[in-house]
Amino acid sequence: MDGTTRVDRWLWAVRLSKTRADAATACRGGHVRVNDKPAKPSTPVRPGDTVRTRLYDIPRIVEVGTVIEKRVGAPVAVTCYVDHTPPPPPKETVVAVAQRERGAGRPTKRDRRRMEAFEQASLLHTVDHELEPGD
């Protein structure tokens, strides 16, 4: 079906929102923009429009390819839009922290000094030192 449809209905039909009510709530909350303009749930979308949305704390930028009003299966829904969402930033690696044996109790003063020395040493090794010109 070509033409236009409501943005809340289209977001639900192409499976970007779980329910049509969620899509309408996101529109009313200012989390949906059509062609960089704030969208009400009844804002019409056409093929070629750009829809920016933040549903379920996931920002998405999609271009409308096909206008549909009825919810379809996931393989068909993916063909109805072009996803221009940038990839998420890479997750930071977690530095391993020294762990005590289970049941070892509270660390002693000696243990605490060793842990602090370990933390200081690891901080020094992660900093990039720049040399001044001429060194």
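Just the heavy atoms: all of them, side chains too, but no hydrogens, waters or symmetry mates, feed the values below.
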Novice: Out of curiosity, Lys70 NZ to Thr5 OG1, how far, rounded to the nearest 0.5 Å?
Specialist: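 Between Lys70 NZ and Thr5 OG1, I get 10.5 Å after rounding to 0.5 Å.
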Novice: Indicate the atoms forming the closest heavy-atom contact of Arg60 with Asp83, along with that distance.
Specialist: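 Closest approach of Arg60 to Asp83: NH2-OD2, 3.0 Å.
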Novice: Thr25: what forms a side-chain contact (heavy atoms from CB on, under 4.5 Å) with it, not counting sequence neighbours?
Specialist: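 Partners of Thr25 by the side-chain contact (heavy atoms from CB on, under 4.5 Å) criterion, ordered by chain and then number, come out as Arg28.
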Novice: Where the side chain of Trp10 meets the backbone of Thr66, is there a donor-acceptor pair that is under 3.5 Å apart?
Specialist: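 Side chain of Trp10 to backbone of Thr66, a donor-acceptor pair under 3.5 Å: yes, one is there.
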Novice: Measuring only between side-chain heavy atoms, which start at C-beta, is Arg6 closer than 4.5 Å to Pro44?
Specialist: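 Arg6 does not reach Pro44 side chain to side chain.
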Novice: Atom OH in Tyr56, atom CG in Leu16: separation rounded to 0.5 Å?
Specialist: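 With rounding to 0.5 Å, OH (Tyr56) is 9.5 Å from CG (Leu16).
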Novice: Does Val72 share a hydrophobic cluster with Trp12, counting links as ILVMFWY side-chain heavy atoms below 4.5 Å and allowing steps through other members?
Specialist: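 In one cluster: no.
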Novice: Taking all heavy atoms of Ala77 and all of Ala13, pick out the closest pair and write down the distance.
Specialist: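 Looking at all heavy atoms of both residues, the shortest contact is CB-O, 4.3 Å.
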Novice: Can you measure from NZ (Lys18) to CG (Leu11) and round to the nearest 0.5 angstrom?
Specialist: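 Here the rounded value is 14.5 Å.
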Novice: Would you say Val62 and Val76 are hydrophobically clustered, going by side-chain heavy atoms of ILVMFWY under 4.5 Å?
Specialist: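 Linked within one cluster.
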Novice: Return the CZ to CD1 distance between Arg9 and Ile68, rounded to the nearest 0.5 Å.
Specialist: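 That separation rounds to 11.0 Å.
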Novice: Could you report the tightest heavy-atom contact between Leu55 and Ala26, atom names first, then the distance?
Specialist: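 Nearest pair, atom of Leu55 first, then Ala26: CD2-CB, 3.3 Å.
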Novice: Carefully, step by step, assess His84 and Arg52 under the rule side chain to side chain contact (heavy atoms under 4.5 Å, CB included).
Specialist: CA-CA 10 Å; His84 296 293; Arg52 292 174 180 265; over 6 Å; no
Novice: Specify the closest pair of heavy atoms between Thr4 and Glu69, including all atoms of both residues, with the distance to one decimal.
Specialist: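 That closest heavy-atom pairing would be O-OE2, 3.9 Å.
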Novice: Using side-chain contact (heavy atoms from CB on, under 4.5 Å) as the criterion, list what pairs up with Ala39, not counting sequence neighbours.
Specialist: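 Only Val7, Val32, Val34, Thr43 meet the side-chain contact (heavy atoms from CB on, under 4.5 Å) criterion with Ala39.
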Novice: Minimum heavy-atom separation for Pro47 to Gly65, with atom names?
Specialist: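 Pro47 and Gly65 have their closest heavy atoms at CB-O, 3.6 Å.
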Novice: Closest heavy-atom contact between Ser17 and Arg71?
Specialist: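 For Ser17 versus Arg71, the nearest heavy atoms are O-NH1, 3.3 Å.
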Novice: Checking side chain to side chain contact (heavy atoms under 4.5 Å, CB included) for the pair Thr50/Asp36: CA distance, chi angles, key distance, verdict?
Specialist: CA-CA 8 Å; Thr50 301; Asp36 291 326; 5.9 Å; no
Novice: If you round to the nearest 0.5 Å, how far is CG of Asp49 from NZ of Lys37?
Specialist: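 Those atoms lie 10.0 Å apart.
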Novice: With the side chain counted from C-beta on, respond yes when Lys40 and Cys27 share a heavy-atom pair under 4.5 Å apart, and no when they do not.
Specialist: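 Heavy-atom side-chain distance check fails, nothing below 4.5 Å.
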Novice: Could you grab the distance from atom OG1 of Thr108 to atom CZ of Arg114, nearest 0.5 Å is fine?
Specialist: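 One gets 8.0 Å once the value is rounded to the nearest 0.5 Å.
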